[in-house]
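The structure appears below as structure tokens.
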Amino acid sequence: MADVLVLVAHPDIARSRVNRTLAAQARLLPSDAVEVRDLYALYPDYVIDVEAEQAALAHARTVVWLHPVQWYSMPALMKLWVDEVLAFRWAYGPGGRALAGKCLWLVVSAGGSETSYREAGSNRHAFESFLPAYQQTAELVGMRFLEPQVFYGAHKAEPHEVHAHAHAFAERLLALAGEARADGVAALPDVGADERRITTDD
Ligand SMILES: Cc1cc2nc3c(=O)[nH]c(=O)nc-3n(C[C@H](O)[C@H](O)[C@H](O)COP(=O)(O)O)c2cc1C
């Protein structure tokens, strides 16, 4: 069980350049500091072992979602993981405090260039405009949403750019693992996930 849990969600990792390189880099780190779980490899049939996922989360202080941007959002299995693993009375709702005080770090690759994520660009909005659902998911379960790391223009990136990105990713993972050891989970603020509810009427 590690301080940092990296959840990789790529539907076609064999053809991936960016996410595959980052996942491989993360796997080189000490396994007691960083654990990597490849969701599509673990659950090719989309039958998620919710208990196993919750157990992995319980020991981590920082959870990383590593995935390509697909239709301005997350790949389907990542979404199913959110639907099933972040369960009522476990992650939110009465007694649902399992993730309170942990950090969530989103690390994504986008096919679009940075300039395409502008008002005048083909994606018409800054990439941050697509993040509120992630931010509010973290908020609702009491997690601290860290500054996301976005790798733009994934298709056109040179190999050395991908490797530099992967190296920076690994350094940050180690720093996050180090912070966890220095601070201890108890030092993080309790943001009161107990009181949170998903409701349709407010
Ligand atoms: C179904 C699908 C939807 C995609 N949607 C987007 C998108 O909304 N925005 C974007 O910038 N790139 C989009 N892409 C491009 C991927 O983000 C890109 O291929 C990926 O980040 C490359 O990373 P990889 O080398 O790990 O595969 C999409 C790709 C696929 C297959």
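In this text the structure is predicted, and so the values were computed from the model without any measurement. Each ligand, and each atom within it, is numbered from 1 in the order the structure gives. Numbers here are sequence positions counted from 1.
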Next item on the list: Test V6 against every option in D38, V107, V64 by the side-chain contact (heavy atoms from CB on, under 4.5 Å) rule and name the one that passes.
Entry: V64

Note to self: Would Y117 count as a contact residue for ligand 1, given that I'm defining contact as a non-hydrogen atom of the residue lying under 4.0 Å from a ligand atom?
What the structure shows: yes

Notebook entry, point to check: Purely on distance, is any nitrogen or oxygen of R20 under 3.5 Å from one on ligand 1?
Noted result: no

Note to self: Checking a contact table here: which protein heavy atom is nearest atom 5 (N) of ligand 1, and how many Å away?
What the structure shows: W71 N, 2.8 Å

Checklist line | Per-atom contacts, ligand 1 versus G111 - under 4.0 Å to a heavy atom | finding: 10 (C), 11 (O), 12 (N), 15 (C), 16 (C), 17 (O), 18 (C)

Next item on the list: Check the side chains of E84 and Y46 for a donor-acceptor pair under 3.5 angstrom, ignoring hydrogens and angles.
Entry: no

Notebook entry, point to check: Looking only at side chains, do H165 and Q149 share a donor and an acceptor under 3.5 Å apart?
Noted result: yes

Notebook entry, point to check: So which bit of A154 gets within less than 4.0 Å of ligand 1, heavy atoms only: side chain, backbone, both or neither?
Noted result: side chain

Margin query: Measuring from atom 21 (O) of ligand 1, which candidate in S113, S109, S116, P75 has the nearest non-hydrogen atom?
Written below: S109

Margin query: Regarding D3 and T62, do their side chains bring together a donor and an acceptor under 3.5 Å, going by distance alone?
Written below: no

Check: Which ligand 1 atoms does S16 reach within 4.0 Å, using its non-hydrogen atoms?
Finding: 24 (P), 25 (O), 26 (O), 27 (O)

Notebook entry, point to check: With respect to atom 18 (C) of ligand 1, which of Q70, H67, H155 exhibits the smallest heavy-atom separation?
Noted result: H155

Check: Starting from atom 8 (O) of ligand 1, which protein heavy atom do you reach first, and at what distance in Å?
Finding: Y72 N, 2.8 Å

Notebook entry, point to check: How close do L57 and K102 get, heavy atom to heavy atom, and via which atoms?
Noted result: O-NZ, 3.2 Å

Next item on the list: Measure the distances from the heavy atoms of R15 to every atom of ligand 1 and state whether one is below 4.0 angstrom.
Entry: no

Note to self: Under a 4.0 angstrom heavy-atom cut-off, which atoms of ligand 1 come close to V18?
What the structure shows: 24 (P), 25 (O), 26 (O)

Check: Atoms of ligand 1 less than 4.0 Å from H10 heavy atoms?
Finding: 24 (P), 26 (O), 27 (O)

Notebook entry, point to check: Closest heavy-atom contact between R17 and H155?
Noted result: NH1-O, 3.5 Å

Notebook entry, point to check: What atoms in ligand 1 come closer than 4.0 Å to a heavy atom of N19?
Noted result: 23 (O), 24 (P), 26 (O)

Check: So, the side chain of H163 versus the backbone of P159: is there a donor-acceptor pair under 3.5 Å, distance only?
Finding: yes

Next item on the list: Verify whether one side chain among Y72 and N123 offers a donor that lies under 3.5 Å from an acceptor in the other.
Entry: yes

Next item on the list: Test W105 against F169 for ring pair (Phe, Tyr, Trp, His ring centres under 6.0 Å), laying out the working first.
Entry: CA-CA 11 Å; W105 187 31; F169 174 63; 5.7 Å; yes

Notebook entry, point to check: Considering only heavy atoms of R17, which atoms of ligand 1 have at least one such atom less than 4.0 Å away?
Noted result: 24 (P), 25 (O), 26 (O)

Next item on the list: Would you mind finding which of V162, V69, V150 brings a heavy atom closest to atom 17 (O) of ligand 1?
Entry: V69

Next item on the list: Please test E179 against V4 for side chain to side chain contact (heavy atoms under 4.5 Å, CB included), starting from the C-alpha separation and ending with a verdict.
Entry: CA-CA 10 Å; E179 281 168 28; V4 178; over 6 Å; no

